[in-house]
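Let me begin by presenting the structure, written as structure tokens, before commenting on it.
This structure is a prediction, so every number in the text was calculated from the model and none was measured. Residue numbering restarts at 1 for every chain, and letters A, B, ... go by the order of the sequence lines.
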Amino acid sequence: MSIYDTLNREQQEAVYQTEGPLLILAGAGSGKTRALTHRVAYLIGEKGVKPWNILAITFTNKAAGEMRERVNQLVDFGAESIWVATFHSTCVRILRRYIDRLGYDNSFSIYDTEDQKSLMREVCKRLEIDTKIYKERAILGAVSRAKNELITPEGMLKSAEGDYGKKRVAQAYEEYQRMLKRNNALDFDDLLMKTVELFLSCPDVLDSYQERFRYIMVDEYQDTNTAQFQLIRLLAQKYENLCVVGDDDQSIYRFRGANIRNILSFEKVFPNTRVIKLEQNYRSTKNILKAANEVIHHNYGRKDKTLWTENEQGEKLVFRQFMNGFEEADYLVEAIRRRVREGEAQYRDCAILYRTNAQSRLFEEKLIYAGIPYKLIGGINFYARKEIKDILAYLKLVDNGQDDLAVQRVINVPKRGIGATTLNRAMDYAQAYGISLYDALMQASKIPGMSRGAGKVLPFTVLIERLRAIKEHSTLPELMDAVLRESGYLKALEEEGSEEAQGRIENIDEFINKVTVYQESAQEPTLSGFLEEVALVADIDGLEEDSNYVVLMTLHSAKGLEFPYVYLAGMEEGIFPSYMSIHADEAQEELEEERRLCYVGITRAKKALVLSAARQRMVRGEVQYNSISRFVGEIPEEYIEEQKREPIREVPRAAAYAQAKQAFQNKSFESKQFTVKRADTLEYKEGDRVRHIKFGEGTVTSIVEGGRDYEVTVDFDGAGIKKMFASFAKLKKI
DNA sequence: TGATCTGCGGTTTTT
DNA sequence: CCGCAGATCA
């Protein structure tokens, strides 16, 4: 009996077909990860393939980690030398090594969307583009689409012949690229495009990677864009041992450039492709699966397949309509609480899914009020918070002196009396001499008209130089500490003393924790390594399996996950499918994508699925009246039970709404008091021995009563003296 | 130069 | 409804 006997016939075929192009069409819950991991094990164990000759590309870091772990359990050794990574981190690793061939410095920065926007604003200013007419966002969107299609600024300029608007966008694209390069920075899309460019212009580099990656596997293939496809094609074209796994019915990233043709015409690009379909579902009940099948059958132009399962019939799906969003949230939270109370489920078995991040707020408030632990995925990224971005900018500047954006961000944070005038002079000077902004500041005394400003700039450059020196002989947490202290950033926050500032300090503490974890867990911790890890984390990467909380996230984030109990909220026309998709130029196409998203949502559920809608809902400060989503109607009655539909009540709608809102706010006000109120007593006192999750054991040296929490100082045996908030630090008396 | 005010517009989804 | 960019004032 071998490990492969537990697989079904199709899965086995996928495992044994190791040579040549292979397309696995894997339906939701069909055990594709199992097939993939066994395939890797088979390659290593039976075919004698060296682990380092295998490349596995996943969609998120979380998926990569899981894959590595599961392979680890199957093979005796060598799993750690398999290259398992996302497209973006793969590209970064390659570019860190070779991007100098394209005229960039290997210590390039990675710009996030906020950085991109600042840069584009600057571009528009320079080109005198009126951002009232051409919005930065729109231009960036066009640039991103171009990059995903591997279209260069020159290419765009050519195709813009005669179209003034398009020409302006192309010019902006060109200038934007020029500025990125001058800042020695790449945006997300560049990571892919520059790697393709590198391979095309340096055949020797391409060849070395073709030799290295003799066996290539790509997960979530339906969500690849043209640039990603070309990247794979180039890498695979020598040996053609390329295995892609995907499900055209789960393609939900068209808006991000995902090209469904990549899956639909894979067989044309690789003529000898073997196609295997995995259609047996191991995840959901019959009712759930059949409902999903029915919904997705309303789409055209899909590869035909029908999932089936041997699982039990299960409960019928439930649909309920409520008067408004508050009642909906109330009910779902109550339903979860009941399931847990009755021992049917644990919190971690339950997920609330919705179309847009904004919908999460109501659920959060209700969950807090109910005292139910929850984890919110998505929304504003931790690393996008102002204070974190500020610290990151310092670190980036220490790492890459050409990053003008980072300089602009922190030169006057905290206040150093360096204003717009000084900064502009320095920027003009930098431009005139073709040097970076930071280098210009280094020669501040030479800059005309800056006699006064120069005196203020000097301490700043001295600070950065000092930090650079510290970086050379310190660990990252030590460097962080130096940044926080010597820049005066922490002090400024502490002096502010507001509740907001306190929150920021807590975030910074959390950030220090992350740096510490990185320092301790990375094989070879470096500043650049840390910065890129930060740039490439996805929200979903923060989801830990072993903790026990209700999960809240968008349908997009839920892809690839499964939960016993799923609550699909906001099933309303205009919400899901979204208003945008209904009114788009290509409404048919976009609605089909929404339907695929719905299919993804339904198929996340293992045991039970509840769908809900609200008759009226507050969207962007306005009351909206929505009818029930068409997707609900696409599920035949035999699989779904409609528990309650709100009658149209003869109350003035606005008044009813105001009432509901009032009631809700009263409750949530109580809840805030309830949750924010610090514990009346702490389980430890001064002099006690306590344990902290990261710092280990230590002695409490002081406890100070703060505004809404206790500030505890602990002298840790290993980590030294730390100050922390009691509710945040979760210290345990020992 | 910094701090506050105000008006506008924006989100659908994310590596 | 919220956040932010630009304008205005101290």
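- Rounded to whole angstrom, the span from the CZ atom of R145(A) across to the P atom of dT14(B) amounts to 17 Å.
- For R96(A) and F108(A), the positive end sits near the middle of the six-membered ring, less than 6.0 Å away and at most 45° from its axis.
- Rounding to whole angstrom units, CG of residue L353(A) and P of dT13(B) are separated by 15 Å.
- The distance between atom CD of E533(A) and atom C1' of dT15(B), rounded to the nearest whole Å, is 15 Å.
- For the pair K194(A) and Y104(A), the cation-pi test (distance below 6.0 Å, angle within 45°) is failed.
- At the heavy-atom level, F59(A) lies under 4.0 Å from the strands shown only through sugar-phosphate atoms.
- The distance between atom CZ of R361(A) and atom C1' of dC2(C), rounded to the nearest whole Å, is 10 Å.
- Taking only side-chain nitrogens and oxygens, N148(A) never comes nearer than 4.0 Å to OP1 or OP2 of dT15(B).
- With dG2(B), dT12(B), dT1(B) as the candidates, the nucleotide lying closest to the side chain of T356(A) is dT12(B).
- D112(A) comes within 4.0 angstrom of nothing in the nucleic acid, heavy atoms only.
- Nearer the 5' end of DNA chain B, as judged by each residue's closest nucleotide, is the contact made by M580(A), out of M580(A) and Q228(A).
- The heavy-atom pair separating M427(A) from Q408(A) by the smallest distance is CE-NE2, 3.9 Å.
- Residue R121(A) is classed as a sugar-phosphate contact, given heavy-atom separations below 4.0 Å to backbone atoms only.
- Atom P of nucleotide dT13(B) and atom CZ of R256(A) are separated by 13 Å, given to the nearest angstrom.
- Applying the 4.0 Å criterion to OP1 and OP2 of dT13(B), one finds that N357(A) has a side-chain N or O inside that range.
- Formation of a donor-acceptor pair under 3.5 Å by the N61(A) side chain with backbone atoms of L536(A) is found in this model.
- Comparing dT15(B), dG10(B), dT13(B) by their nearest atom to the side chain of F255(A) picks out dT13(B).
- Across dT1(B), dT13(B), dT15(B), the shortest atom-to-atom separation from the side chain of H556(A) is found for dT13(B).
- Looking at the side chain of S578(A), the nearest of the listed nucleotides dT12(B), dA5(C), dT13(B) is dT12(B).
- Between R416(A) and dT1(B) there is no side-chain polar atom (N or O) within less than 4.0 angstrom of OP1 or OP2.
- We find that CZ of R596(A) is positioned 19 Å from P of dT12(B), with the value rounded to whole Å.
- No contact: T224(A) has no heavy atom under 4.0 Å from any strand.
- At the heavy-atom level, K559(A) lies nowhere under 4.0 Å from the strands shown.
- With distances taken from any side-chain atom of T554(A) to the nucleotides dA3(B), dT1(B), dT14(B), the minimum falls on dT14(B).
- Within the 4.0 angstrom heavy-atom criterion, no nucleotide atom of any strand lies near E220(A).
- We find that CG of L362(A) is positioned 13 Å from C1' of dC1(C), with the value rounded to whole Å.
- In this entry the distance linking CD of E114(A) with P of dT14(B) reads 17 Å, nearest Å.
- Using a 4.0 Å cut-off between a side-chain N of Lys or Arg and a carboxylate O of Asp or Glu, K396(A) and D115(A) qualify as a salt bridge.
- For the pair Y253(A) and dT14(B), the ring geometry does not qualify as stacking, because the centroid separation below 5.5 Å and plane angle under 30° are not jointly satisfied.
- The residue E594(A) sits close to a base: some heavy atom pair falls under 4.0 Å.
- Salt-bridge annotation for E593(A) and R596(A): present, with a side-chain N of the basic residue lying under 4.0 Å from a carboxylate O of the acidic one.
- In terms of phosphate contacts, S581(A) brings no side-chain nitrogen or oxygen within less than 4.0 Å of OP1 or OP2 of dT13(B).
- Positionally, the nearest nucleotide of DNA chain B for R355(A) lies more toward the 5' end than for the other of R355(A) and F87(A).
- An OP1 or OP2 oxygen of dT14(B) is reached within less than 4.0 angstrom by a side-chain nitrogen or oxygen of S557(A).
- Looking at E175(A) and K125(A), no side-chain N of the basic residue comes within less than 4.0 Å of a carboxylate O on the acidic one, giving no salt bridge.
- Applying the 4.0 Å criterion to OP1 and OP2 of dG10(B), one finds that K135(A) has a side-chain N or O inside that range.
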